[in-house]
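Data first, discussion second: the structure below is written as structure tokens.
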Amino acid sequence: MAASVSLKLMIDEKTNRVVAAEAEKDFVDILFSFLTFPMGTIIRLTSHEQLKIPVTIGCMNNLYRSIQNSLLNWHTELCKTMVLNPRNPCAIYCSKLKINIDDSGSEMNYACSRQGCRYLSKYQNVSCVCSKGVTTKEMKSDDSGSSVESCRYGGAFLQKGSIMFLITEDLQIRPASPHILAQLLSGFGLSETSGIREMPVEVSKEQVL
Ligand SMILES: [Zn+2]
């Protein structure tokens, strides 16, 4: 079964508009993971192939497409791969997310085919820096022993716990409390006891994207 996370939406009954959501850390971690994505990943994930309605971030989509569509003189083929499909430096943390939309394979390392060579590459089937082998052997970052901060507590970015978070429609996030909720709702002329309908929803990878 595909992974999903639960949210409780708070909907203004009059306008039928979502004003906020309440969620556990799993969902907030997913939102925070967006900030770790390299620009190349963001452009790829928000492109037409991935979304029905593509998102444009300035002229970055054109920059990305220029690389895809043009015959440019790359130093090596790997240089092109690196800019179109960059690696996330926080991949080991993102691999702990309940839903990770970054499908770049950033959490993988590739070991050299030459016996005794200890170099690792973030990319597969490229010449090793030892110049005598090719990076063929797949290893998860955890296997390499190099990820000293590999979230031993099992979470992604936030500590595990029962705390709930309030997320506004424009992605401001705060720990949930009756006082903060009342403040938030009063900004819309609402209160917890009037004008608000609560709706539980399950969010899947497609919806996070
Ligand atoms: Zn090597």
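First listed ligand is number 1; within each ligand, the first listed atom is number 1.
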Subject >> Contacts of D170 that satisfy side-chain contact (heavy atoms from CB on, under 4.5 Å) - sequence neighbours left out >> reply: T168, Q172
**OP:** Calculate, to the nearest 0.5 Å, the distance between atoms CD and NZ belonging to E107 and K96 respectively.
**Re:** 11.0 Å
Original post:
Is the backbone of F157 close enough, under 3.5 Å, to the side chain of D29 for a donor and an acceptor to pair up by distance?
Top reply: yes
**OP:** Quick one: name the residues clustered hydrophobically with L78, using the 4.5 Å side-chain heavy-atom rule over I, L, V, M, F, W, Y, and just say none if it's on its own.
**Re:** M82, Y123, V126
**OP:** Mind checking salt bridge (charged side-chain N to carboxylate O under 4.0 Å, His left out) for E22 and listing every partner two or more places apart, or none if nothing turns up?
**Re:** K8
**OP:** Please check if the side chain of K25 supplies one atom and the backbone of Q159 the other of a donor-acceptor pair under 3.5 Å.
**Re:** no
Subject >> Cut-off under 2.8 Å, centre the Zn ion (ligand 1), protein N/O/S atoms >> reply: C112 SG, C117 SG, C128 SG, C130 SG
